[in-house]
Amino acid sequence: MGVVILALALPAWAGITYVGLVRARGGDEPPPLQSPRPPRAPARKAARIAAFAYLAGGALHLYGLSYVPFLFPEDACWFKAGMKVRPDRSGALPVSLVCRGMEIVPWWVNPGLLVLAVTAVAATATSVVLALKYPPGKPS
């Protein structure tokens, strides 16, 4: 019974209510559609993509740096890999922590940083070029 109400009665009630509201306005025509919003400037789209790429790259780099030892290097391998040894090497760029020859930082961190960095730089350059090519007051 509930399905019948949802499938048949509710849409019919909504349609009748809509028609009644339209007629109460004084006409049999449905209200005119609003014009779509003006399109965004291409430079603004590229700038938003660049801002997102910078933010995502920064967040990913901070995540990768959570693997790198800062204050107590001897504890880094213990907490991350369960080995009580000092790291063989570690670095912030590329993000790396090696304990007994095994890389601890996930494999996808550095390629992700590279993709986001290239995207951010390309989108920034595109935004600047588009802003110079199509100034805000100039019709396209």
Side-chain angles (χ1 to χ4, degrees):
M1 185 67 179
V3 174
V4 172
I5 292 172
L6 288 177
L8 299 173
L10 194 59
W13 174 78
I16 292 168
T17 304
Y18 177 75
V19 169
L21 288 174
V22 169
R23 288 192 177 155
R25 287 178 144 182
D28 287 333
E29 296 294 319
L33 295 175
Q34 294 179 351
S35 62
R37 66 182 174 135
R40 288 192 182 116
R44 182 165 293 182
K45 287 181 188 177
R48 287 186 178 174
I49 291 171
F52 173 76
Y54 281 118
L55 273 168
L60 183 61
H61 197 243
L62 284 176
Y63 173 75
L65 288 178
S66 71
Y67 285 89
V68 178
F70 288 106
L71 296 177
F72 304 106
E74 62 275 358
D75 290 341
C77 292
W78 175 253
F79 289 122
K80 305 298 183 193
M83 300 178 224
K84 190 67 173 164
V85 296
R86 290 185 65 83
D88 297 339
R89 67 179 187 275
S90 65
L93 202 57
V95 182
S96 173
L97 174 65
V98 179
C99 299
R100 287 193 182 160
M102 185 173 67
E103 179 64 51
I104 305 301
V105 177
W107 65 269
W108 49 268
V109 170
N110 289 314
L113 284 174
L114 179 65
V115 167
L116 289 170
V118 167
T119 302
V121 170
T124 300
T126 302
S127 176
V128 168
V129 168
L130 290 174
L132 293 175
K133 188 173 180 180
Y134 303 111
K138 180 181 168 187
S140 45

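Side chains included, hydrogens not; waters and symmetry mates left out as well; all remaining heavy atoms used.
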Self-check item: Min side-chain heavy-atom separation Ile104-Val98 under 4.5 Å
Solution: no
Self-check item: Residue Phe70 excluded, over 12 heavy atoms near CZ under 6.0 Å
Solution: yes
Quiz item: For the residue pair His61 and Leu93, what are the closest heavy atoms and their distance?
Solution: NE2-CD1, 3.9 Å
Quiz item: Stepwise, does the side-chain contact (heavy atoms from CB on, under 4.5 Å) test hold for Asn110 with Leu114?
Solution: CA-CA 6 Å; Asn110 289 314; Leu114 179 65; over 6 Å; no
Self-check item: side-chain contact (heavy atoms from CB on, under 4.5 Å) partner of Leu116, the single match among Leu55, Leu60, Val121
Solution: Leu60
Quiz item: Is Val115 reachable from Leu113 through a run of hydrophobic residues whose side-chain heavy atoms are each under 4.5 Å from the next?
Solution: no
Self-check item: ILVMFWY network linking Leu132 to Tyr134, side-chain heavy atoms under 4.5 angstrom
Solution: no
Quiz prompt | Minimum heavy-atom distance between Leu65 and Val95, given as atom pair plus value | solution = N-CG1, 4.1 Å
Practice problem: Look at the side-chain heavy atoms of Ile, Leu, Val, Met, Phe, Trp and Tyr, link any pair under 4.5 Å apart, and say whether Val105 and Met83 land in one connected group. | Solution: yes
Self-check item: Under the ring pair (Phe, Tyr, Trp, His ring centres under 6.0 Å) test, residues paired with Phe79 that sit two or more places apart
Solution: none
Quiz prompt | Check: Ser127 side chain, Ala43 main-chain N or O, donor-acceptor pair, under 3.5 Å | solution = yes
Self-check item: Sidechain-backbone polar pair: Glu103 side chain, Ser96 backbone, donor-acceptor under 3.5 Å
Solution: no
Practice problem: First locate atom CG of Leu130, then atom NZ of Lys45, and finally report the distance between them rounded to the nearest 0.5 Å. | Solution: 10.5 Å
Quiz item: Trp78, Phe72: one ILVMFWY side-chain cluster at the under-4.5 Å cut-off?
Solution: no
Quiz prompt | Thr124 and Tyr54 side chains, donor-acceptor separation under 3.5 Å | solution = yes
Quiz prompt | Between CE on residue Met102 and CG on residue Asp88, distance to nearest 0.5 Å | solution = 10.5 Å
Exercise. Could you give me the CA-CA distance, side-chain angles and deciding distance for Lys84 and Asp75, then say whether side-chain contact (heavy atoms from CB on, under 4.5 Å) is met?
Key: CA-CA 7 Å; Lys84 190 67 173 164; Asp75 290 341; 3.1 Å; yes
Self-check item: Same cluster (ILVMFWY, side-chain, under 4.5 Å), Tyr67 and Trp108
Solution: yes
Quiz item: Which residue pairs satisfy the disulfide (SG to SG under 2.5 Å) criterion with at least one member in residues 67-102, sequence neighbours excluded?
Solution: Cys77-Cys99
